[in-house]
Amino acid sequence: VLLQTTLLDVFAKTGDLNNACYVFDEMGMRDIASWNALIAGLAQGSRPSDALELFKNMKVEGLKANDVTVLGALSACSQLGAIKEGESVYNYIRDERLDDNVIVCNAVIDMYAKCGLVEKAYWVFDNMSCRKSLVTWNTMIMAFAMYGDGVKAIELFKQMAQAGAVPDNVSYLAALCACNHAGMVDEGVRLFESMAVCGVSRNVKHYGSVVDLLGRAGRLEEAYKIINSMPMVPD
RNA sequence: UGGCACUAGAAACC
């Protein structure tokens, strides 16, 4: 079972979903990890609706979804924007007390955000019983940045430092993105500069973000300077 | 003492 699940997972991770399904179908014995590997693979691949179907089938077969299982199911809901399904997964999570796991909470926040319900995402963020991780903060900042309110995203970014979390390059990207959406040019430039000061590595996305920000503000010379200062190949 | 796990922008192009 271990070897077959490993094989299944390799297929799933490389996006070869047909072979992943084939291995799954041909397995004599399957345990929870076999199901999880396929559900997650389908969810992150091109077949999130099949992932949800498999998730439902699991119950029919009398298997109990665990924390890893619901992550796959939530990921599928996020991709599909399937809020109804997402809420029912969340209900299950609460019934089974799986929400004492930060990773599960993070996935719920992300699911709500991707389904466009930023307020609910924030409610979960605010009321979660477990300790917030860096990913928790990043997910919520990104949610505000993309689907909601740039100002709130920046507020949260500042708040995370007060809470003792150290922003990484994803946090900065999320905050920069918030500036792009909200047109907060100076704030964005400040953030971009503080990355260097704080020793957070920049990648091409960070550069792209400020360049876009400056470009839209008509500050083309500055944008051009930044492009020329890039230590990597611009895309 | 093994296998499955959460977050990554915009524009342009198609």
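Chain naming here is simple, since letters A, B, ... match the order of the sequence lines and numbering starts at 1 in each.
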message: Looking only at the aromatic ring of each residue, does the gap between the centers of A:F192 and A:Y207 stay below 6.0 angstrom?
response: yes
Roughly how many Å is it from [atom1] in [X] to [atom2] in [N], rounded to a whole number?
| X | N | atom1 | atom2 | result |
| --- | --- | --- | --- | --- |
| A:L74 | B:rC4 | CG | C1' | 15 Å |
| A:F55 | B:rA5 | CZ | C1' | 14 Å |
| A:D235 | B:rA11 | CG | P | 14 Å |
| A:Q79 | B:rC6 | CD | C1' | 13 Å |
| A:Y90 | B:rC6 | OH | P | 19 Å |
| A:L134 | B:rA8 | CG | P | 13 Å |
| A:N203 | B:rG9 | CG | P | 11 Å |
| A:I103 | B:rU7 | CD1 | C1' | 11 Å |

Base, sugar-phosphate or nothing for [X]? Non-hydrogen atoms, less than 4.0 Å.
| X | value |
| --- | --- |
| A:A107 | sugar-phosphate |
| A:T6 | sugar-phosphate |
| A:M146 | sugar-phosphate |
| A:T69 | nothing |
| A:V211 | nothing |
| A:L173 | base |
| A:H181 | sugar-phosphate |

Cation-pi, [Y] ring and [X] (6.0 angstrom, 45 degrees):
| X | Y | value |
| --- | --- | --- |
| A:R202 | A:Y172 | no |
| A:K114 | A:Y147 | no |
| A:K120 | A:Y90 | no |

- prompt: What about A:V204 and A:I227, same hydrophobic cluster or not, with Ile/Leu/Val/Met/Phe/Trp/Tyr joined at side-chain heavy-atom distances under 4.5 Å?
  reply: yes
Of the listed nucleotides [options], the one nearest the side chain of [X]:
| X | options | result |
| --- | --- | --- |
| A:S209 | B:rA5, B:rG9, B:rU7 | B:rG9 |
| A:V68 | B:rC4, B:rC6, B:rA10 | B:rC4 |
| A:V1 | B:rG3, B:rA10, B:rC4 | B:rG3 |
| A:L2 | B:rG9, B:rG3, B:rG2 | B:rG2 |
| A:N36 | B:rC4, B:rC6, B:rG9 | B:rC4 |
| A:T5 | B:rG9, B:rG3, B:rC6 | B:rG3 |
| A:T139 | B:rU7, B:rA11, B:rA8 | B:rU7 |
| A:K114 | B:rC6, B:rU7, B:rG9 | B:rU7 |
| A:D212 | B:rC4, B:rA8, B:rG9 | B:rG9 |
| A:N180 | B:rG3, B:rG9, B:rA5 | B:rG9 |

statement: Closest non-hydrogen contact found for A:Q79 with A:G45 is NE2-O, 4.4 Å
- prompt: Under 3.5 Å, is there an N or O donor on one side and an acceptor on the other linking the side chain of A:D31 and the base of B:rG3?
  reply: yes
task: Classify the ring geometry between A:Y122 and A:F144 as parallel (under 30°), tilted (30 to 60°) or perpendicular (over 60°).
output: tilted
Just N and O in the side chain of [X]: are any of them under 4.0 Å from OP1 or OP2 of [N]?
| X | N | answer |
| --- | --- | --- |
| A:Q44 | B:rA5 | no |
| A:K205 | B:rU7 | no |
| A:K13 | B:rA5 | yes |

